[in-house]
Amino acid sequence: MDSDSYISILNPDQKKAVVHEGSPLLILAGAGSGKTRVITTKIAYLIAEKHVDPFSILAVTFTKKAANEMKERAVSLEPRAEYAQIRTFHSWGSYFLRTHASDAGIDKNFTVYDDDDMVTLLSKAVPSLSKQQASVAAHKISLAKDYCYTPDSEDLYKISEDPSFRDIYDAYERRLRETGNVDFGDLILLPYLVLKNNDFVRHELHRRYRVIMVDEYQDSNVAQFKLLHILSGIDESDDSFPGSYVCVVGDDDQSIYKFRGADINNILNFQNQFPGTALVRLETNYRSSSEILACADSVVKNNEGRLGKTLVSARGKGKIPTLVFLPTQDDETQFCAEIIEQAHSKGISYSEWAILYRTNAQSLGFESEFLHRKIPYSIVGSLKFYEREEVKDILAWISLIANPKDEIAFRRVVNKPARGIGNASQDKIIASGRGISLLEGWENVKLSKKCMEALADFCESVKECQSLLSEQSQEKLSSFIENVIKKSGLEEHYAAQDEIAGTQKIANLQELINSAVLYPCSMQGLLDFMDHIQLDRTIENEEEDSSRDCVTLITLHNTKGLEFPRVIITGMESGIFPREDKSGEEIEEERRLFYVGITRAQNELYLTSCGLRRLYGRTNYMSPSPFLNEIDKDLIRVIGEAPVSFSSEDPELASIVKKYKKGVCVYHDDYGHGQIVHAETSDEGEYVISVKFETGGFAKFLPKYQSKSLIVED
DNA sequence: AGTGCAACTCTTTTT
DNA sequence: GAGTTGCACT
């Protein structure tokens, strides 16, 4: 495609963003404003018109899906974009670490430990922790890495005030380095540390990357910011080295990953951190009708701390959004099913619809209702295929074949099927081989004869598998994996289980084999395959779903970057959305999440809110989400009535419920000042509140009997 | 070592 | 309410 033609179809702001040069650039791209078009056009333009070597362009996104789409679209505009680095932040980190493994102090055949592996490793590094403590600490370690804190950072207290956290983190790091592997946080943190400490490598990369672009910048974390900053060379620029051209694209109103370490200050302060930054706003929305945008705007404008922008619809007027109050969650699923069926009978395909919810658990009701009515649907996200026992077992074998120092993988499979190598023996073997190889050197360890023989057998099998990999082989990796499954003894093991318990484990393993068919049977192919799995756990049934006409069931978070003609946002109830434990800035993030949901809709938007909902197996009275009140009344059509659950039957209960609401501050004779953090009606019809006191204490009350000792304050 | 029952958590969101 | 974990028992 000719560059004149693809630039001429842009609007003036988009064009400005594409041709800008000479300083860092921040593109504030509202929802549906053609952001991806701008980035891809810019890549094509730089190559075709500015003669930038594609090899020197790095463009990073957050999800593999976005990266693939970006690459595809850039290549269709300019074939040479094929040679540009367009990938996710984490996959770039992995690529970097493979080529600079020894600088980072890791094995070049490393694999990436997931959250579960982190917990297991931490439990071994600090045995005194209970499983739950280990899981909490592992999560904090992840967060620390997102904020770029190492075990010796002064700021570690910001993650955990517990003074022992530093030692726990330190012990974890040492043990992790002994395995030669990395965790997710390392994929960003380690490249940053290598660049910071190694002038040679840093200069090498500075020479290479002339252009760096980051998409969805509002969801970058501190470590990613630091990595970008050091990679850009902005602090070292002089006449001989001007620094890279940095262009970031994002929307502060769509920042929804703070819980994962994303720092909205990255985008709010970008212009300070990269002096001389030019700013381009993309405020023309090509996706939604003006009614939907008005609704979105009336919600998001309640947030403070935003750069501010107003979207203008390029599509003009459409249908007014609808808010529906329903008695129970079963009515909600039926309502959704019915409008979808009605539309279908008028020729509107299922795939025009998306049902959005806050938590994955909410998908269950829709699934059973749709199954019953034979409405086809597909669930996006958490396909837990790679978390299944049998799949993780085979992946552990593969990890161990790649990296014999991998303690977690070793433990997982050395005694499966049972070989008589119990926990105590494992500890001895690992103590002797840690940091070297777990497959040899154990001959000197004191173990029972039976155990020795079994271990020799096991190690022999792993080595046999290792020898099946060769650099020139024309074989596919799938046949290698098939061999691993056989040699591991796990095929027999799981075939027997399938027989007895009626499980599908062998079928799942077959699926794993199939997924490796595109990779060559070499160490490189194996590592690429592992990266593919570890760095993209969500999407698996792409071709199948895109061709099928079905309704999309999806969490609000997962909708980022997607659009649908008709959207239903369900569960608009206080406690669900926003979630009950949110306050202050977190409420703002929930509100942004709502904004993201609304702006997914092209033509029609429905919101549903129920009066009664089952949660954790209990039935709860729900009140409408406070966000609903933020929508101007003339911007939305309301069907049904907001629940006034108790008025008719029990005026006394109603007044109590009204008085002791969640968030209300109370004073108790014995406990002192506190705040109601949770309120619900139990199955027995009792109204129960949970109060957190200033003293740190926590108690539950039945306000019915406590009206004298529990005083509401203002 | 493997089974079976009780108890407990889970409901954020993802690379 | 369901799925998972942990413990005790065989």
Side-chain angles (χ1 to χ4, degrees), chain A residues 60-67 87-94 112-119 123 130-132 134-136 139 142-143 145-146 182-189 216 219-221 223-224 254-262 329 356-365 368 380-384 386-389 415-425 493 496-497 500-501 531-539 554-561 571 573 575-582 586 589-590 592-594 596-597 613-620 683:
Chain A
V60 289
T61 64
F62 281 84
T63 66
K64 196 135 174 178
K65 196 173 174 188
R87 55 202 312 168
T88 66
F89 245 122
H90 288 87
S91 92
W92 184 84
S94 173
V112 182
Y113 280 150
D114 65 16
D115 294 358
D116 281 349
D117 299 331
M118 278 181 85
V119 174
S123 304
S130 72
K131 180 142 193 168
Q132 197 175 22
S135 143
V136 169
H139 182 245
S142 289
L143 210 55
K145 291 189 175 187
D146 287 343
V182 300
D183 57 29
F184 271 111
D186 284 341
L187 292 175
I188 309 296
L189 181 56
E216 304 283 9
D219 284 323
S220 59
N221 62 34
Q224 286 162 334
Q254 294 188 62
S255 165
I256 53 174
Y257 283 110
K258 178 167 191 219
F259 68 93
R260 211 176 83 192
Q329 75 189 97
L356 278 49
Y357 36 79
R358 179 65 235 274
T359 64
N360 278 311
Q362 286 165 260
S363 72
L364 263 167
S368 50
V380 177
S382 62
L383 217 191
K384 299 203 168 145
Y386 296 114
E387 281 163 36
R388 297 198 176 143
E389 181 194 10
N415 200 30
K416 197 171 187 175
R419 296 182 177 84
I421 307 170
N423 239 321
S425 309
H493 179 75
Q497 269 197 26
I500 300 160
D531 272 0
H532 165 77
I533 288 172
Q534 295 294 141
L535 304 181
D536 180 33
R537 338 206 63 183
T538 45
I539 321 146
I554 188 168
T555 62
L556 282 150
H557 279 89
N558 268 324
T559 61
K560 190 161 82 171
E573 295 132 39
I576 299 256
F577 190 29
R579 280 184 59 77
E580 60 182 334
D581 45 354
K582 302 286 170 176
E586 290 179 317
E589 177 143 319
E590 295 275 301
R592 289 193 290 269
L593 189 55
F594 187 29
V596 168
R613 181 177 293 277
R614 283 189 304 277
L615 280 171
Y616 314 94
R618 274 167 196 276
T619 305
N620 288 30
D683 288 346

So which protein N/O to nucleotides 2-11 of chain B N/O distances come out below 3.5 Å?
from: B:dT11; atom 1: O3'; to: A:Arg579; atom 2: NH1; distance (Å): 3.1
from: B:dT11; atom 1: O3'; to: A:Arg579; atom 2: NH2; distance (Å): 2.6

Discussion item. For a quick check of understanding: with a heavy-atom distance under 4.0 Å over all strands, which category does A:Phe259 fall into, base, sugar-phosphate or nothing?
Written reply: base
Would you list the protein and nucleotides 5-10 of chain C atom pairs, both N or O, that sit under 3.5 Å from each other?
none

Worksheet item: Residues in side-chain contact (heavy atoms from CB on, under 4.5 Å) with A:Thr555, at least two apart?
Response: A:Tyr357, A:Asn360, A:His557, A:Asn558
Worksheet item: Taking the side chain from A:Asn415 and the backbone from A:Gly420, do they hold a donor-acceptor pair closer than 3.5 Å?
Response: yes
Item to complete: For A:Asp219, enumerate each residue passing the side-chain contact (heavy atoms from CB on, under 4.5 Å) test, keeping only those at least two apart in sequence or located in another chain.
Response: A:Ser255, A:Ile256, A:Tyr257, A:Ala262, A:Lys560
Fill in: Residues which pass salt bridge (Lys or Arg N to Asp or Glu O under 4.0 Å) with A:Arg613, listed by chain and number, not counting sequence neighbours
A:Glu332, A:Glu573
Worksheet item: Mind checking whether A:Lys145 and A:Asp186 have side chains closer than 4.5 Å, heavy atoms only?
Response: yes
Worksheet item: When we call it a touch if two heavy atoms are under 4.0 Å apart, what does A:Phe62 touch: a base, just sugar-phosphate, or nothing?
Response: sugar-phosphate
Worksheet entry | A:Asn558 vs B:dT13: side-chain N/O to OP1/OP2 distance below 4.0 Å | no
Worksheet item: Under the salt bridge (Lys or Arg N to Asp or Glu O under 4.0 Å) test, which residues partner A:Arg260, sequence neighbours left out?
Response: none
Item to complete: Looking only at side-chain atoms of A:Asn415, point me to the closest of B:dT14, B:dT13, B:dA1.
Response: B:dA1
